[in-house]
2 protein chains.
Amino acid sequence: MEEHLEKLRASGRKVTPRRKAIIQLFLQEQGDLSPQDVQEALSGTTGQFGLPGIYRNLEILTTCGILFRVVTYGGERRYALCKAGHGEGHHHHIVCIACRKVGKVSDCLYKDGMMVEGFRLVSHIVQLNGLCESCAREKNDLSALQELRQQG
Amino acid sequence: MEEHLEKLRASGRKVTPRRKAIIQLFLQEQGDLSPQDVQEALSGTTGQFGLPGIYRNLEILTTCGILFRVVTYGGERRYALCKAGHGEGHHHHIVCIACRKVGKVSDCLYKDGMMVEGFRLVSHIVQLNGLCESCAREKNDLSALQELRQQG
DNA sequence: TTACCAAATGGAAATCATTTCTGTTTAGAG
DNA sequence: CTCTAAACAGAAATGATTTCCATTTGGTAA
Ligand SMILES: [Mn+2]
Ligand SMILES: [Mn+2]
Ligand SMILES: [Zn+2]
Ligand SMILES: [Zn+2]
């Protein structure tokens, strides 16, 4: 937590109860959350919590590198914690489509500034979706079970 | 064009004047377009053209592999033509942030089904943004010019 | 400790992209 | 040519996100 607050201070932002509550929430959750998820999870905990403030803060925390915005084709807004263990280097993320757990992906072909197919790369988005170990195992167990049943 | 219409037929969709007009538009344009862009470009050309129909058709044409949806952090909706030359193989796209020209990116570390960081990959998004050759040159010329001016 | 002010806040309201609905038209098969 | 599912336009609903504004507050400096 302290480490994340430091990022806030480093970027000239105030440390407020709201922001601490949001970071705390993401530290508890293992996965990504929508602004609505955040509101529901926090309602009651620290009095009311307006959605506009949540949108604002999620974006600010992302700017500070505390959160990252998960990329989806539909553009649905979801954020997750860029964990302390992820370090400072360039990396991307993989999200489990079942339990929403987040993993760090270090391998990347791209570095902004390099040439790609005749273009000078300015920015790049890489977002992976998959099944984490435990969810993959669950899914396998389930399909094995169904197979057994079908055989009678 | 005929090649694109074939994709429509192959997926059991009807070939309508609207769809032809949309494909025609993307063939003329070199870049990506928002639903609004499409409506503006097509208004007048073929009578009225309702936005709901445009949303529907852009999505359908994407399903058929004629268009692809450009990925943005903000989730803004933009589509571009997956050119005939791009072939059938797995590929991604790079878009020029200045002129919106689209290039094909064949190199990709990922193949759905493979293991990545302990996750089984289910899907992946790769979207590059850059400057195409001509726009990069323009930008360089401009900055060179400004440099000269500053030196007096 | 206190005073101060830019930053942060909540809530109401506005915005605006997207979807839903409905009645009409049409592409394409038979 | 006839018929039907698919496609269509337009009006209206929806709902996520933003804007606005009056109030509060964190952090700095006296
Ligand atoms: Mn990270
Ligand atoms: Mn393509
Ligand atoms: Zn990268
Ligand atoms: Zn790929």
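Residue numbers begin at 1 in each chain, while the letters A, B, ... track the order of the sequences.
- Atom CD of A:Glu2 sits in a crowded spot, with more than 12 heavy atoms from other residues, nucleotides or ligands closer than 6.0 Å.
- Other cluster members for A:Ile60: none, since no ILVMFWY side-chain heavy atom sits under 4.5 Å from it.
- To the nearest 0.5 Å, the span separating CD on B:Glu133 from CZ on A:Arg120 amounts to 10.5 Å.
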Pairs under 3.5 Å (N/O, protein and nucleotides 26-30 of chain C):
unit_1, atom_1, unit_2, atom_2, d
C:dA27, O3', B:Val15, O, 3.2
C:dA27, N3, B:Lys14, NZ, 3.3
C:dG28, OP1, B:Val15, N, 2.8

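- Taking atom CZ on A:Arg19 and atom P on C:dA7, their separation rounds to 11 Å, with Å as the unit.
- Only one option out of A:Glu76, A:Arg78, A:Arg77 pairs with A:Val70 in a side-chain contact (heavy atoms from CB on, under 4.5 Å); it is A:Arg78.
- The distance between atom CD1 of A:Ile54 and atom P of C:dA8, rounded to the nearest whole Å, is 16 Å.
- Taking Ile, Leu, Val, Met, Phe, Trp and Tyr as members and joining any whose side-chain heavy atoms lie under 4.5 Å apart, directly or through other members, the hydrophobic cluster of B:Leu131 also contains A:Val122, B:Ile97.
- Axis angle, first five pairs versus last five pairs of the helix from C:dT1-D:dA30 to C:dG30-D:dC1: 40°, rounded to 10°.
- Under the 4.5 Å side-chain heavy-atom criterion for grouping Ile, Leu, Val, Met, Phe, Trp and Tyr, B:Leu42 is connected to B:Leu8 within one hydrophobic cluster.
- Defined by atom type and a distance below 3.5 Å, a donor-acceptor pair is present between the side-chain atoms of B:Ser123 and A:Asn129.
- For the ring pair (Phe, Tyr, Trp, His ring centres under 6.0 Å) condition, the pairs that include at least one residue of residues 91-120 of chain A, sequence neighbours left out, are A:Phe68-A:His93, A:His86-A:His91, A:His86-A:His93, A:His90-A:His92, A:His91-A:His93, A:His92-A:His124, A:Tyr110-A:His124.
- A heavy atom lying under 4.0 Å from DNA chain D marks the following residues of residues 55-82 of chain B, by number: B:Arg56, B:Asn57.
- The number of heavy-atom neighbours closer than 6.0 Å to NZ of B:Lys7, taken from other residues, nucleotides and ligands shown, is above 12.
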